[in-house]
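Here is the structure we will look at, set down as structure tokens.
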2 protein chains.
Amino acid sequence: MRQAADLNCPPSIDAQQALTRAETLCQQRGARLTELRRRVLEIIWNSATPLGAYTILDMLRDDGRQGAPPTVYRALDFLLAQGLIHRLALLNVFTGCRRPGSHHGGQFLICRDCGRVSELSNPAIDELLRAETDARGFEVLAQTVEILGRCPDCLKEPAHHG
Amino acid sequence: MRQAADLNCPPSIDAQQALTRAETLCQQRGARLTELRRRVLEIIWNSATPLGAYTILDMLRDDGRQGAPPTVYRALDFLLAQGLIHRLALLNVFTGCRRPGSHHGGQFLICRDCGRVSELSNPAIDELLRAETDARGFEVLAQTVEILGRCPDCLKEPAHHG
DNA sequence: TAATAAATGTTATTTTATAACATAACATCG
DNA sequence: CGATGTTATGTTATAAAATAACATTTATTA
Ligand SMILES: [Zn+2]
Ligand SMILES: [Zn+2]
Ligand SMILES: [Zn+2]
Ligand SMILES: [Zn+2]
């Protein structure tokens with residue numbers, strides 16, 4: 001996977017803003033953004049690409065912190081519940097939410113080659129999905145729209161050098 | 001998970017039709033629907049709910065057939081490549097495609113309680129997603145829309161008895 | 001038939017996620 | 001403050017999902 005600067009994606013917040021935002025939201029909700037949880041969120045935001053749970057665990061250990069898989073998964077569960085991160089089911093990785101606060105199902109473009117992710121926020125898609133579920137009397141608990149492919153930058157490359 | 005008859009879902013084919021259809025399609029394409037691959041497809045279609053790879057493996061062994069995880073995953077890979085089944089990334093399970101032949105990204109309503117799945121075929125959603133990817137110059141390789149929730153039947157139940 | 005390619009068998013391992021229980025930190029009340 | 005209940009984290013072990021690597025068999029084709 002190549003690493004690169006930024007995918008031309010919708011209005012996006014940066015790591016610093018994300019952490020500040022997370023603190024505000026958790027405070028308002030009476031949720032405890034502990035040091036561990038905050039650090040996991042920071043690790044996720046500092047990465048150019050989404051991270052797997054075990055990669056995050058390695059980074060926690062690099063901090064000198066002790067930990068095991070449950071350490072990470074619990075923090076991730078908290079962040080997911082607070083709508084601060086998303087899980088990309090196609091790749092089993094986690095990425096920071098670009099619109100925290102408004103609980104929403106994710107819409108993602110995931111580049112197979114460089115791993116970068118673009119979070120969409122297309123209300124028309126949400127609307128159509130809501131119409132489908134309403135028509136069927138289906139109660140929505142979680143929702144994900146994931147498109148795996150190749151981003152413009154990687155399409156410029158001669159071919160897929162995987 | 002409760003088991004039940006049928007979710008009120010779009011025009012759907014049954015197991016028998018699916019197998020016949022698969023044979024026709026594979027023949028047209030020069031793809032080999034071997035006995036193993038056919039049997040895996042049949043197992044998937046005979047189930048009221050999507051199945052995990054290891055459940056399918058157990059069923060193959062019940063047939064008296066020998067096998068290991070790769071046996072199943074290879075067959076699943078073939079069926080996926082032929083567009084005969086879909087993988088639901090949220091649950092790591094596989095389900096028969098209700099519109100085989102037209103390669104398409106899946107759109108699914110998945111009931112958390114009874115496990116049954118409804119495959120949508122909303123062209124407007126496909127259209128919006130295509131518009132998003134086109135606008136970004138993003139080449140689509142795979143696409144999935146998954147909504148996890150509670151189906152009408154399960155909503156009739158007093159509460160979530162998990 | 002011999003050579004080639006495709007499919008399957010087989011063993012081992014990697015990757016992802018959770019169960020179960022112990023300890024520590026934090027809050028709330030007497 | 002100290003006792004009590006609750007939440008968060010530490011820790012060990014295991015479950016669940018997927019793949020790597022190589023051997024063998026089956027099918028295709030020259
Ligand atoms: Zn988001
Ligand atoms: Zn890319
Ligand atoms: Zn389909
Ligand atoms: Zn249901």
Side-chain angles (χ1 to χ4, degrees), chain A residues 1 22 26-27 29-41 43-44 49-61 63-82 84-95 112 115 142 144 148 162, chain B residues 1 22 26-27 29-41 43-44 49-61 63-82 84-95 115 142 144 146 148 162:
Chain A
M1 260 189 209
C26 287
Q27 195 159 28
R29 294 168 181 167
R32 293 171 54 195
L33 186 65
T34 62
E35 197 207 334
L36 173 65
R37 292 165 174 173
R38 196 194 131 93
R39 178 65 184 130
V40 169
L41 184 60
I43 286 172
I44 289 172
T49 60
L51 298 177
Y54 283 73
T55 304
I56 295 169
L57 180 55
D58 286 343
M59 291 177 170
L60 286 176
R61 284 170 170 161
D63 288 354
R65 191 189 287 267
Q66 50 208 344
T71 309
V72 171
Y73 280 103
R74 285 165 183 158
L76 291 171
D77 286 346
F78 172 86
L79 297 171
L80 285 169
Q82 296 300 322
L84 298 172
I85 62 173
H86 293 283
R87 177 173 185 271
L88 304 183
L90 281 181
L91 299 181
N92 299 321
V93 293
F94 301 85
T95 192
R112 179 197 64 180
T144 190
L148 187 67
Chain B
M1 257 188 212
C26 287
Q27 195 160 29
R29 293 169 182 165
R32 291 173 54 197
L33 186 64
T34 62
E35 197 207 333
L36 173 65
R37 291 165 175 173
R38 197 196 129 95
R39 178 66 184 131
V40 169
L41 183 60
I43 286 172
I44 289 172
T49 59
L51 299 177
Y54 283 74
T55 304
I56 295 169
L57 180 55
D58 287 343
M59 291 177 171
L60 286 176
R61 284 170 171 160
D63 288 352
R65 191 189 286 268
Q66 49 208 345
T71 308
V72 172
Y73 281 103
R74 285 169 185 152
L76 292 171
D77 285 346
F78 172 86
L79 297 171
L80 285 168
Q82 296 299 323
L84 298 172
I85 62 173
H86 294 283
R87 178 174 183 271
L88 303 184
L90 281 180
L91 299 181
N92 299 321
V93 293
F94 300 84
T95 192
T144 190
E146 298 181 30
L148 187 68

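Chain A is the first sequence line, chain B the second, and so forth, proteins listed ahead of strands; every chain is numbered from 1.
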Review point. With distance as the sole test, does A:R112 use its side chain to make a donor-acceptor pair with the main-chain N or O of A:L148 at under 3.5 Å?
Key: no
To the nearest angstrom, the CG-P distance between B:L57 and C:dT8 comes to 14 Å
message = Could you tell me if the side chain of A:L84 sits less than 4.5 Å from the side chain of A:R37, heavy atoms only?
response = no
To the nearest 0.5 Å, atom CD1 of A:I43 lies from atom CE of A:M59 at 6.5 Å
Rounded to whole Å, CD1 of A:I56 lies from P of C:dT15 at a distance of 16 Å
For nucleotides 19-22 of chain D, which of its nitrogen or oxygen atoms have a protein nitrogen or oxygen under 3.5 Å away, and what is each distance?
{"unit_1": "D:dA21", "atom_1": "N6", "unit_2": "B:R74", "atom_2": "NH2", "d": "3.2"}

Rounded to the nearest 0.5 Å, the CG atom of B:L88 sits from the OG1 atom of B:T144 at a distance of 6.5 Å
* Does C:dA17 have OP1 or OP2 sitting under 4.0 Å from an N or O in the side chain of A:N92? -> yes
request  = Look at all strands and tell whether B:T34 reaches a base, only sugar-phosphate, or nothing, counting heavy atoms closer than 4.0 Å.
outcome  = sugar-phosphate
To the nearest angstrom, the CG-C1' distance between A:L91 and D:dA18 comes to 14 Å
Closest heavy-atom pair, B:G67 versus B:R61, reported as atoms and distance to 0.1 Å, is O-NH2, 2.9 Å
**Asked** Across the strands shown, which category fits B:R65 at heavy-atom distances under 4.0 angstrom: base, sugar-phosphate, nothing?
**Response** nothing
_Under-4.0 Å side-chain N/O to phosphate OP1/OP2 contact, B:R37 with C:dA7_ = yes
Between CG of B:L79 and P of C:dT8 the distance, given in whole Å, is 10 Å
_Tell me if a side-chain donor or acceptor on B:R39 pairs with a main-chain N or O of B:L60 at a distance below 3.5 Å._
no
Taken to the nearest whole Å, CD/B:E35 to P/C:dG9 is 10 Å
Between CG of A:L51 and C1' of C:dA17 the distance, given in whole Å, is 17 Å
Whole-Å distance, A:L33 CG to D:dA8 P, equals 11 Å
Exercise. Are A:R87 and A:T95 side-chain neighbours, meaning at least one heavy-atom pair lies under 4.5 Å?
Worked result: no
Original post:
Quick one: is D:dA18 close enough that its OP1 or OP2 comes under 4.0 Å of any side-chain N or O from B:R87?
Top reply: yes
Whole-Å distance, B:Q66 CD to C:dG9 P, equals 5 Å
Checking C:dT8, D:dA18, D:dT28 against the side chain of B:F94 (C-beta onward), the nearest is D:dA18
